[in-house]
Structure formats: structure tokens, C-alpha cells
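Below: one structure, written as C-alpha cells.
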Amino acid sequence: MDDAEYDLPFFHQQGFHRRTCVVCGHAFWTLGDHDRCQEAPCREYGFIGSPIFARPYSLHDMRETFLGFFEGRGHTRIRRYPTVARWRNDVFFTQASIYDFQPWVTSGAIPPPANPLTISQPVVRFIDLEEVGRSGRHFTLFEMMAHHAFNRPDHEVYFKNRTTELCHELYVEQLGTDPRSLTYKEEVWEGGGNLGPSLSVGAAGLEVATLVFMEYVRDGERLKPMPLTVVDTGYGLERMVWASHGTKTAYEPVFGEQYEELRRTFPPREAAILIDHARALNFLLTDGVVPSNSKEGYFARLLLRRSLRILSRAPEGPDVHAIFERAGREIARDFPEVGAHRDDLRRVIEAEVERYRESIERARQTIRRAEERARGAGDHITSDQLLEWYDSLGVPPDLAVEELKEPPPIPPDFYALVAARHENEAPANDYAEPRQGLPDVPAGVPATEALYYADPYTVTFEAHVVWTDGPFVVLDRTYFYPTGGGQVHDVGHLGDLAVVDVERHGPYILHRLERPAPFHGGDRVHGRIDAVRRTQLMQHHTATHLMNGTLREVLGPHVWQAGAYKGPEFARIDVTHFRPLSPEELRTINRRVNQLVREDRPVKSYFEPRTEAERRFGFTLYQGGAVPGKDLRIVEIQGFDVEACGGTHCTHTSEVGAIDILEVERIQDGIVRVTYAAGERALEIREQHELILREESKRLGVPVTDLAKGVDRLLAEVESSRKADRERDRSRIERAASELLKSDRVERVGPITLIAAQPENYERSELMNLSRILSQAPGTVVVLATERDDRGTLFVGSTAPGISAVEILKSAQAAFDGKGGGNPASATAVGDTGPALREAFRQAHAAARHLAREPGATAQGPTDS
RNA sequence: GGGCACGUAGAUCAGCGGAAGAUCGCUGCUUUCGCAAAGCAGAGGUCGGGGGUUCAAAUCCCCCCGUGUCCA
């Protein structure tokens with residue numbers, strides 16, 4: 001980055017000079033006479049015991065001071081975004097305030113909610129989890145204070161100079177920092193293909209702000225200026241509060257009294273972890289994360305289980321709910337939504353605590369059994385086993401060691417070894433790929449006016465072609481709905497040609513025709529939408545909002561939409577929930593959702609300024625993911641459900657007709673999927689089902705109401721006939737056995753009873769059973785041969801301990817080219833038929849007779865074996 | 001999203017290429033005035049589903065389905 005990037009008029013006006021840090025080598029600007037930048041590790045902390053601000057601040061005071069300062073300087077205060085970044089698929093959590101505006105605002109696709117703006121954004125970072133409680137300054141969740149400006153060529157708000165000036169003014173004039181103690185270190189920021197200069201602001205060893213200027217796009221080796229430049233700043237609120245107190249760690253002023261109290265029971269590190277995790281969980285659960293074994297849910301589980309593990313070491317201490325709720329009440333003073341559904345969150349935590357208990361109990365059993373087995377084998381549990389248990393059973397190594405009589409040592413680098421087990425795994429997914437295969441519309445083509453928002457009922461219209469490319473057509477205005485928001489696209493006709501697909505592409509709506517478009521720019525075309533399909537899509541979409549609201553109502557406000565699909569055949573919604581739905585819950589949901597249909601509530605769709613909509617309805621608006629932009633399209637089912645949504649909807653709930661739940665499944669831990677049909681499709685499916693019921697009841701000859709009984713009867717019949725088959729086989733074999741036992745096939749050879757026979761057409765398993773019956777008495781050797789399906793089978797069974805069935809078999813196998821083997825008790829080989837088989841049988845018989853005469857042959861073996 | 005582990009009798013699990021098992025529970029009998037308990041006997045299994053390898057698969061391989069867990 002060019003030095004000139006940092007050479008700001010502000011620095012010169014104020015009399016800053018540029019130095020180079022003797023430690024890190026970075027250039028920095030200062031009014032003082034430092035030879036190094038004022039950030040650790042280049043210099044040690046200097047604010048402990050001597051705060052750098054004029055007075056101590058609480059979190060609340062500092063937040064208000066910051067936001068007020070920027071409001072006083074032309075910024076609009078924006079509400080926080082959820083800590084779960086549902087609007088992005090490259091990350092789970094909001095890790096910086098700028099995440100709120102990526103990718104739509106920062107790419108220029110959608111205008112920011114305000115410009116410039118200021119915000120306090122709680123952010124979650126798991127990268128430093130191990131440092132929490134240890135370093136005295138790390139948190140899983142912290143508030144990133146920020147002021148942002150988005151500059152377009154035609155509208156410059158402010159950039160580097162003003163940003164730096166504002167920052168300096170905040171610290172010096174508002175907070176009373178000695179201007180000579182501040183250093184502005186030159187750095188380069190890079191991320192997501194963009195980069196730009198940044199200034200890291202240090203004071204007394206602390207990095208008190210980062211000022212990032214997103215300015216360039218990397219284009220190979222060259223840098224291209226961005227059409228939209230962005231001021232991205234970050235000020236750690238907890239850090240600022242800490243610096244205002246100058247305490248030993250940041251935890252005292254941030255965690256306050258609760259920290260003092262917990263420290264009476266727990267060491268400082270554990271007390272800090274407990275509160276830190278409780279704070280983060282309060283935000284995460286409020287924002288709709290349900291603890292689970294994958295994705296964002298796992299991080300919530302991790303925090304909770306770490307806390308439970310600590311708490312289990314102090315059984316007399318407070319329980320997890322007490323700590324969680326205490327922390328929640330503290331947060332609710334400034335973020336009321338966090339305290340709003342405490343009972344519901346309590347249930348979520350209870351369910352998770354229960355699962356943890358079960359999981360630990362299971363693990364304990366496994367450990368005990370494994371050790372018994374190992375000891376039985378004269379072996380012991382290895383450190384490697386501890387690793388395996390942690391990975392596959394979730395047993396913390398210290399717990400495993402507690403449980404073992406002879407524990408192995410826990411490797412000092414245990415968690416590094418765990419990480420090593422996972423290092424060859426696929427990396428996390430990236431930004432969403434832009435939709436493939438759509439042509440780029442050249443600049444200058446006017447944006448498509450989307451008419452379906454205002455009027456979802458019109459299905460025929462006139463419009464002008466503004467651009468075409470092969471089968472793709474862009475009109476000046478359209479009623480065709482493009483795939484989006486989980487709703488599939490319309491189909492229909494433009495002129496005589498079928499529209500097979502409709503996609504949104506930037507500001508354009510692309511109609512894809514069945515074949516290349518014969519249109520030219522300026523042509524007037526007649527559009528006709530498949531009204532039946534559109535109506536069905538509208539019914540499914542409105543049904544989905546009804547279902548979503550009902551699920552929240554019945555299951556609790558922890559329920560958030562985690563995905564949805566509205567097609568012409570059926571619709572489905574995935575929601576966060578901590579256990580499968582019970583039949584009673586399902587019934588309640590079914591009743592309620594259809595009641596709402598019958599109530600014929602008005603459904604209003606309208607645009608509203610974002611800040612206003614958020615103020616009125618809160619974050620549950622964003623069920624389909626956060627929608628940036630100044631104005632939101634609101635779909636409001638009167639008195640029931642409000643969501644930001646771009647889909648086509650019925651205007652009254654009765655138009656949905658009816659909703660039939662088709663299927664409920666747990667698609668993953670923490671996510672429940674409900675599939676249903678509405679309107680005409682609900683009727684169709686109901687008719688299909690009824691037809692099936694009627695036909696099947698006719699087939700079974702029972703009334704529909706007795707179908708279950710009929711099926712039970714049928715299954716019982718199947719079962720008993722299978723049993724009868726088995727019984728018949730058994731008695732046939734038993735008969736054969738008793739005939740054999742009476743025949744001259746039985747001979748006594750010394751202490752051994754030898755039975756050799758060649759029954760006809762037996763299966764291998766039948767031979768085995770026959771032999772089993774024949775050799776019930778100990779000291780019996782059985783040799784059997786049979787032919788079936790052009791294969792000869794030779795079977796030897798032995799209950800004489802000294803005589804090995806497999807040995808006898810081996811001696812005869814070659815005679816009929818038999819393949820097989822076995823053990824001393826039983827052996828089988830399959831090979832040729834005819835004379836070869838008879839020869840093998842003869843050899844086996846002879847070998848058995850020979851072995852029986854050997855001195856080692858006994859009828860009774862050692863009884864203890 | 002990926003790795004690993006696990007799905008065997010009503011329950012908890014063993015077996016991990018050669019003739020499906022243990023414990024508890026269940027049923028019956030013995031014993032008892034009755035209960036508990038004990039003893040004896042018995043019922044209960046398409047070894048999650050589907051392909052494959054093999055003379056032979058609960059066991060090995062592949063694909064599904066389900067559960068648990070760890071990591072991103």
C-alpha cells in the first residue's frame with residue numbers, strides 16, 4: 001500500500017508526525033514522542049492502575065456515550081443484527097459489525113439502512129475460546145462499536161480523513177484521553193477479495209480502535225478502485241470500559257457483581273468462563289440458535305457443556321439456569337429482546353442439560369465396560385483411547401480418568417491431538433456461488449419493474465422487451481415471479497412461447513423461454529402466467545407464514561425458520577427446535593393452522609422503512625434471513641405473524657383453503673421439518689389418501705375405521721405362516737433325524753457315535769440343522785453329503801472334543817474339489833457332484849472312523865470349557 | 001458441511017468370517033396363607049435397510065436410513 005494512502009490532511013493540521021515503531025517496524029502517526037506504537041506487544045499495558053479516560057464507565061454508559069457522540073455528528077443509530085448470520089452462508093456468526101452489511105450493501109446491490117450509521121453490534125468469536133478467562137481480556141461475545149459510511153461516486157459521505165478525525169475527537173474530547181498518548185499505526189486490511197489501508201489506534205498498550213477503508217478490488221497484481229468505498233471501524237466496547245477502570249482484568253468492570261459472587265465458589269478463570277458463556281448463550285439462544293451437534297448449534301452446545309463441566313465440580317454452587325438468567329437480566333437492560341422469552345430459553349437449556357446427562361451416563365458405562373474387558377485381557381486403557389472417546393463419545397478426558405481404575409496419562413497436548421485427527425477434513429464452504437448460466441445484462445438496460453409485489457392476482461399483461469439473449473428475455477415490467485425466498489418461479493407464456501424459468505439477476509428479471517426468443521428490443525409482448533400454478537404457490541407461501549407463526553406459538557419463541565420451500569406440489573418449512581414433535585403437538589399445530597385459515601384474517605403486503613419496521617416488529621421479521629436495504633417488504637397476517645418477505649401472497653387467509661400436514665421429520669439435530677400442502681393440492685392429496693384407504697379397506701374386507709385392526713390381523717397371519725414354515729422344516733428334519741438314528745447309519749467306534757448319511761436335496765442350513773439334532777448327545781460325529789442345484793455339499797459336525805470336524809473335512813475336500821472350511825464343531829465344503837462327492841463322503845467317513853479310534857478320542861470333554 | 005463411533009431379544013449390551021448369546025424384564029411351574037425371594041422350564045431375533053465379496057456374512061466392502069459425538 002502506497003505511503004500516500006495514510007498521509008491525511010488531518011494529521012498535518014493537528015501537527016502529527018510519522019514515526020516507525022522500533023519493535024514492529026510499522027509506520028505510525030502520533031502527537032507524542034513515542035519510538036514505538038502504543039499497542040501490545042510493542043509496549044506493555046500502561047492503563048492498569050491508571051485509566052486513560054477521564055472517568056470510569058459502565059458498559060451502558062460507554063455504549064451510550066459512543067452512539068450519542070456519533071449521532072451528534074450526523075450518524076443514524078441502527079439496531080443490532082442477530083448474532084447468527086443467517087443472511088450469509090460462509091460464516092455462522094456475526095463476527096464484526098461490517099458483517100451486517102455484507103455482501104449486499106458492501107457490493108452496492110442494496111442501499112444501506114442509513115448512511116452514515118453507528119451501531120453497537122454484539123459479535124461472537126470462537127477462535128479465542130481457550131483464552132477466555134485466562135488472558136483477562138478475551139470474550140466469546142463482545143460488543144463491537146462502529147461507525148460506517150458507504151461512499152458512491154455520486155454520493156461521498158466521508159472517508160479516511162473524517163473517520164480519523166472523528167475517532168480522535170471521540171477519544172480526546174469526549175473521553176478525555178491525552179492526545180499525545182494515541183498512535184495511529186499504518187496497516188493493510190484484506191478480505192473477501194477487497195483490500196485497503198487501515199489504521200490501528202493504540203493507547204497505553206491497548207488497541208482502542210481499528211479504522212478500515214475498503215477501497216480496492218484485487219485484480220491479479222493490480223488494484224482496481226471499488227465503485228463503492230466503505231468505512232469499516234471497530235471499537236471494542238468491553239476494552240474501552242476496561243481502559244476506563246484500569247482494573248487488573250477486563251472481567252471485573254464488564255461482569256460486575258455476578259463475577260464477584262461466582263468467585264466465592266470458583267477460581268477466577270472458571271468464574272469468568274461461566275459468565276462469558278452465559279452472556280454469549282443469552283444472545284445466541286435469543287437469536288434462535290438451538291444447541292445441536294452441527295453448524296451453529298454445536299457452538300451453543302460447546303459453551304453449555306463447558307459450563308456444565310465446570311459446575312459439576314461444585315455441586316453445592318449455583319446451577320446453570322441461575323447463572324444464565326442472572327447474566328440475561330443484566331443484558332436485558334440494554335437489549336430487551338434478550339430477556340423477553342426467559343421461560344422458553346429455560347426449556348431449551350433444560351433439554352440440552354438432560355441430553356448431556358444421558359450422554360455422559362452412556363459414556364461412563366462404555367468406559368467401565370472397556371476397562372473390564374481390557375483388564376480381562378491383561379491389558380489397560382491407553383491415552384489414545386481417551387482421544388477416541390472424546391472424539392466419538394464426547395467424554396472429556398478428565399472425566400474418563402475419574403472413571404478409570406488404572407487411568408492412562410492425559411497427553412499435555414490433548415486438544416491439539418484432537419485437532420490433528422480433524423486436520424484432513426474438507427474446509428468450510430465459501431461465499432455462495434453466484435447463480436450459474438445466466439447471461440450478463442449490459443449496463444444501461446433499465447431495471448425490471450416487478451409488478452407482482454403490488455398485485456399478485458394479475459396474470460395477463462402487456463410489456464416491452466428491453467433486452468434478449470438466446471432464450472432469455474428482459475422486459476420493462478413483469479408479473480412473472482422469479483425464483484426467490486424459497487418460492488419457485490412462475491411459468492406461462494410470452495406471446496406464443498412458453499416461459500420455462502424465471503430468475504432474478506441483479507435488478508433484472510430474466511424470463512427463459514422454451515427456445516431462443518424471436519423478440520427485439522422495443523417489441524410489445526403479451527404475458528400470460530399459469531394462473532393455477534401461481535394460485536397454488538401463493539397458497540403455499542401464505543400457508544408457510546401461517547405454519548411458521550403457529551410453530552412459534554405452539555413450540556415457543558426459540559423456533560426460527562431455518563429454511564423453506566414453496567413449490568406447486570407441496571411446501572415445507574424447517575425450524576429450529578430441540579426435540580421431535582409429539583403427536584399432541586402435531587395435532588395442536590394442525591388445528592391451529594387451519595383455524596387461522598378459517599378466521600379469514602387479512603394478509604397485508606407493503607413496503608416500510610427498515611428502522612420503522614424493526615421498531616414495530618423486532619427481529620422475528622427476518623425469518624427468511626436478514627434483508628438489507630432501506631425499505632423492507634412486510635407481509636403481515638393481521639394479529640398473528642409479520643415477516644419481511646418478497647413472495648406472492650393471498651390477501652386473506654381463507655384463500656389458503658386448507659392446510660394438510662403430510663410429514664414431520666427431524667432432518668438434523670436441532671432442526672424439525674414440516675411438509676404440508678394447501679389449497680387445491682391439499683384437496684388432491686386428501687382425495688388420493690382417501691382413495692387408497694377405501695381401496696385397501698375393500699381389499700382387506702374391513703371398514704376404513706378398522707383398517708389398523710385388519711393390517712394387524714394380516715401381519716399376524718404372515719408371522720404365523722412364517723412360523724409354521726419354520727416349524728414344518730424343523731419337523732421334517734427331525735423326522736429324517738429320528739429315522740437316521742434308528743437306521744444302520746449309526747455306528748459305535750470306541751467311545752464315539754459316528755453317523756454318516758447322504759440325504760437327498762438338502763440345503764446347507766438344513767444339513768447343519770440335521771447334524772445338530774443328530775449330534776445332540778456329546779461324543780457324536782456326523783458326516784453328511786447332499787446334492788442340490790448341481791452342487792455337492794459335504795458337512796461334518798462333531799460334539800466329540802477330541803475330534804475336529806474341520807480336520808475331517810480337510811482330509812476329504814480335495815476329492816470333490818470342495819471349497820470350504822469351518823471349526824472343530826462344524827465344517828462345510830461345496831464342490832462337485834456325483835462320483836466325486838461320493839468319493840469325498842467315503843473319505844470323510846473313513847477319516848472320522850480313523851480319528852475315532854485314535855487314543856485321544858473321547859466322548860466327554862473337559863466340562864469347564 | 002466434514003471426520004469418527006454406534007444400530008443384535010421388551011431394556012442394557014457381548015459376539016466382529018464358520019451351528020445367534022448374557023444380564024434384567026416377561027410367561028409358566030415348584031416353594032409360600034399371600035407377597036418378596038429362590039430354583040426349574042419357556043416364550044421372545046428377517047443381528048437398521050439394500051447391494052456386493054465368499055463355499056460360508058451379525059461379522060468384510062459399497063450405498064442408503066437412523067442415533068451419538070467431535071471438528072469447522
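Letters go in sequence order (proteins before strands), and every chain restarts at 1. Values reported hereafter were calculated over all heavy atoms of this structure, with side chains retained and with hydrogens, waters and symmetry mates removed.
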How many Å lie between [atom1] on [X] and [atom2] on [N], as a whole number?
X	N	atom1	atom2	result
A:Asp790	B:C55	CG	P	17 Å
A:Arg579	B:G68	CZ	P	14 Å
A:Arg301	B:A72	CZ	C1'	16 Å
A:Glu807	B:G18	CD	P	20 Å
A:Ile671	B:U67	CD1	P	13 Å
A:Glu361	B:C6	CD	P	20 Å
A:Ile667	B:C65	CD1	P	12 Å

Ignoring hydrogens and geometry, is there a side-chain-to-backbone donor-acceptor pair from A:Trp87 to A:Tyr99 under 3.5 Å?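 Present.
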
CZ (A:Arg745) with more than 12 external heavy atoms under 6.0 Å: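 Atom CZ in A:Arg745 is not crowded, with 12 or fewer foreign heavy atoms closer than 6.0 Å.
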
Have a look at [X] and say if it touches a base, only the backbone sugar-phosphate, or nothing, with a 4.0 Å heavy-atom cut-off.
X	result
A:Ser765	nothing
A:Ala829	nothing
A:Arg355	sugar-phosphate
A:Ser771	base

Quick check on RNA chain B: between A:Gly820 and A:Asn823, whose nearest nucleotide comes earlier from the 5' end?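 Upstream on the strand: A:Asn823.
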
Between A:Lys810 and A:Tyr356, name the one whose nearest nucleotide on RNA chain B is closer to the 5' end.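 This one resolves to A:Lys810.
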
Spacing of the [atom1] atoms in [M] and [N] (rounded, Å):
N	M	atom1	result
B:G52	B:G66	P	23 Å
B:G39	B:A56	C1'	41 Å
B:G7	B:A41	P	31 Å

Does the plane of the ring in A:Phe414 sit parallel, tilted or perpendicular to the ring in A:Tyr390? Use 30° and 60° as the thresholds.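 Ring orientation, 0 to 90° scale: perpendicular.
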
Does the pair A:His845 and A:Gln758 meet the rule for a side-chain hydrogen bond (donor to acceptor under 3.5 Å, both in side chains), with working shown? CA-CA 11 Å; A:His845 192 178; A:Gln758 302 185 64; over 6 Å; no

Return the residues of residues 386-393 of chain A meeting this criterion: a heavy atom under 4.0 Å from some atom of RNA chain B. Order them by number, or give none.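 Contacting residues: A:Glu388, A:Tyr390, A:Asp391, A:Ser392, A:Leu393.
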
Pull out every residue in residues 396-409 of chain A that has a heavy atom closer than 4.0 Å to any atom of RNA chain B, ordered by number, or say none.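 The answer is none.
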
Take nucleotides 11-16 of chain B nucleotide by nucleotide from the 5' end and write B, S or -, depending on whether a protein heavy atom sits under 4.0 Å from the base, only from the sugar-phosphate, or from neither. -SSS--

